[in-house]
Trainee: 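Structure in structure tokens, see below.
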Amino acid sequence: MAIRKASKMPQTAVLKQLLKRCSSLGRKAQYDEAGLPLDVPKGHFVVYVGQDRTRHIVPIKFLDHPPFQILLQQAAEEFGFDHDRGLTIPCDEHVFQALTSSLLTQL
């Protein structure tokens, strides 16, 4: 299942733009000269999960997995693609942690 396009921009360009914005957001993070947080390793991005918006750093490779794509689609349906406070995943934190633990074993 793929993520629906919100504009005429190619899906990969939209994802890259969204990931760049989300990886540059963080709580009291120190930033490098490019404006990216130092606590987010290359090849990862930040998402906020649950009602308390707990910050998680996840590998970009998760984007290849259908269960994670479903979460992104749900986020797009609930919040749209304008994430002024970072990419928020609309699910309970324990469900997200179980999913990401499962995906990490597949990497």
Trainee: Closest approach of Ser102 and Thr105, non-hydrogen atoms and distance?
Mentor: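 That would be O-OG1, 2.6 Å.
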Trainee: Can you confirm whether Gln106 is buried at CD, in the sense that more than 12 heavy atoms of other residues, nucleotides or ligands lie under 6.0 Å from that atom?
Mentor: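 Result for CD/Gln106: enclosed.
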Trainee: Nearest 0.5 angstrom please: Ile57 CD1 to Thr100 OG1, how far?
Mentor: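 Spacing of CD1 (Ile57) from OG1 (Thr100) equals 12.5 Å.
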Trainee: Give a yes or no answer on whether the side chain of Gln69 reaches the backbone of Leu63 with a donor-acceptor pair at less than 3.5 Å.
Mentor: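 Such a contact is found between Gln69 side chain and Leu63 backbone.
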Trainee: Evaluate the criterion side chain to side chain contact (heavy atoms under 4.5 Å, CB included) for residue pair Asp39 and Arg55; output intermediate values, then yes/no.
Mentor: CA-CA 12 Å; Asp39 68 332; Arg55 185 175 185 253; 2.6 Å; yes
Trainee: Which atom names give the shortest non-hydrogen contact between Pro90 and Glu78, and what distance separates them?
Mentor: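 For Pro90 versus Glu78, the nearest heavy atoms are CB-OE1, 3.2 Å.
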Trainee: Looking at CZ of Phe62 and NE2 of His44, how far apart are the two atoms once the value is rounded to the nearest 0.5 Å?
Mentor: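 Result: 8.0 Å between the selected atoms.
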Trainee: Would you say Ile60 ends up clustered with Val49 if hydrophobic residues are merged whenever their side chains have heavy atoms under 4.5 Å apart, either directly or through other cluster members?
Mentor: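 Val49 clusters together with Ile60.
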Trainee: Tell me whether Leu71 shares a hydrophobic cluster with Leu104, the cluster being built from Ile, Leu, Val, Met, Phe, Trp, Tyr side chains joined at under 4.5 Å.
Mentor: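 They do share one cluster, since a chain of ILVMFWY contacts under 4.5 Å joins Leu71 to Leu104.
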Trainee: When rounded to the nearest 0.5 angstrom, what distance separates OG in Ser101 from CZ in Phe96?
Mentor: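 One gets 9.5 Å once the value is rounded to the nearest 0.5 Å.
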Trainee: Can you tell if the side chain of Phe45 reaches within under 4.5 Å of the side chain of Leu87, non-hydrogen atoms only?
Mentor: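 Result yes, sub-4.5 Å side-chain heavy-atom pair found.
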Trainee: Quick one: list whatever passes ring-ring contact (aromatic ring centres under 6.0 Å, His included) with His65, sequence neighbours left out.
Mentor: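 None.
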Trainee: Between atom CD of Gln97 and atom CG of Asp92, what is the distance when rounded to the nearest 0.5 Å?
Mentor: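 Answer for the CD-CG pair, Gln97 versus Asp92, is 10.5 Å.
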Trainee: Which heavy atom of Tyr48 sits nearest a heavy atom of Arg53, and at what distance?
Mentor: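 Taking Tyr48 first and Arg53 second, the nearest heavy atoms are CD2-O, 3.5 Å.
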Trainee: With His56, which of Val46, Ile89, Val47 fulfils side chain to side chain contact (heavy atoms under 4.5 Å, CB included)?
Mentor: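 Passing option: Val47.
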